[in-house]
Amino acid sequence: MNDQQPPIDPVLSHVEPLSGGLYGAEPYEAALSDLLSAVAEVSAAKAGTEDPTVTEDLTRYQVDLNRTQLRLRPDDTAALERAHALCRTVRRCLSTGAACRPPRAGCR
């Protein structure tokens, strides 16, 4: 190291993550992140099953989540709320083992 170079001080050691993720304060980014996370959870559940009926139902969850993601617009607050509601429904169904009832069919 010569006198011209500053001492090595990684920037990341001084960075604190924002609560809720990088775009936690942005409603569109938060909804998008929620959708992507729910898709990942469904994918993990899908990888852990060998039952063709459950796999088919989980695939429908993925399709619904992906379709919602594609239709999501930053200026449509109702769509942002629906996206979060869909994610909550999917997670509730996955946690209760009710994966054989896709969100559009209802999960109670």
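- No side-chain heavy atom of L72 sits less than 4.5 Å from a side-chain heavy atom of Q69.
- For E56, the salt bridge (charged side-chain N to carboxylate O under 4.0 Å, His left out) partners are R60, not counting sequence neighbours.
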Give the intermediate values and the outcome of side chain to side chain contact (heavy atoms under 4.5 Å, CB included) for residues L58 and L94. CA-CA 9 Å; L58 291 171; L94 289 174; 3.7 Å; yes
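- Checking each of L65, N66, D64 against V42 for a side chain to side chain contact (heavy atoms under 4.5 Å, CB included) leaves exactly one that passes, namely L65.
- Annotation: side-chain contact (heavy atoms from CB on, under 4.5 Å) contacts of D76 (sequence neighbours excluded): R73, A78, A79, R82.
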Taking it one step at a time, do T55 and D51 satisfy side chain to side chain contact (heavy atoms under 4.5 Å, CB included)? CA-CA 6 Å; T55 300; D51 183 337; 5.7 Å; no
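- Between the side chain of S37 and the backbone N or O of S33, no donor-acceptor pair lies under 3.5 Å.
- With hydrogens and angles disregarded, no donor-acceptor distance shorter than 3.5 Å links the side chain of T49 to the backbone of K46.
- For R91, the salt bridge (charged side-chain N to carboxylate O under 4.0 Å, His left out) partners at least two apart in sequence or on another chain are D34, E41.
- Y61 and C93 make their closest contact through OH-CB, 3.1 Å (heavy atoms, listed as atom of the first residue, atom of the second, distance).
- Between A31 and L80, the closest heavy-atom pair is CB-CD2, 3.8 Å.
- In this structure the side chain of L35 reaches within 4.5 angstrom of the side chain of C87, judged on heavy atoms.
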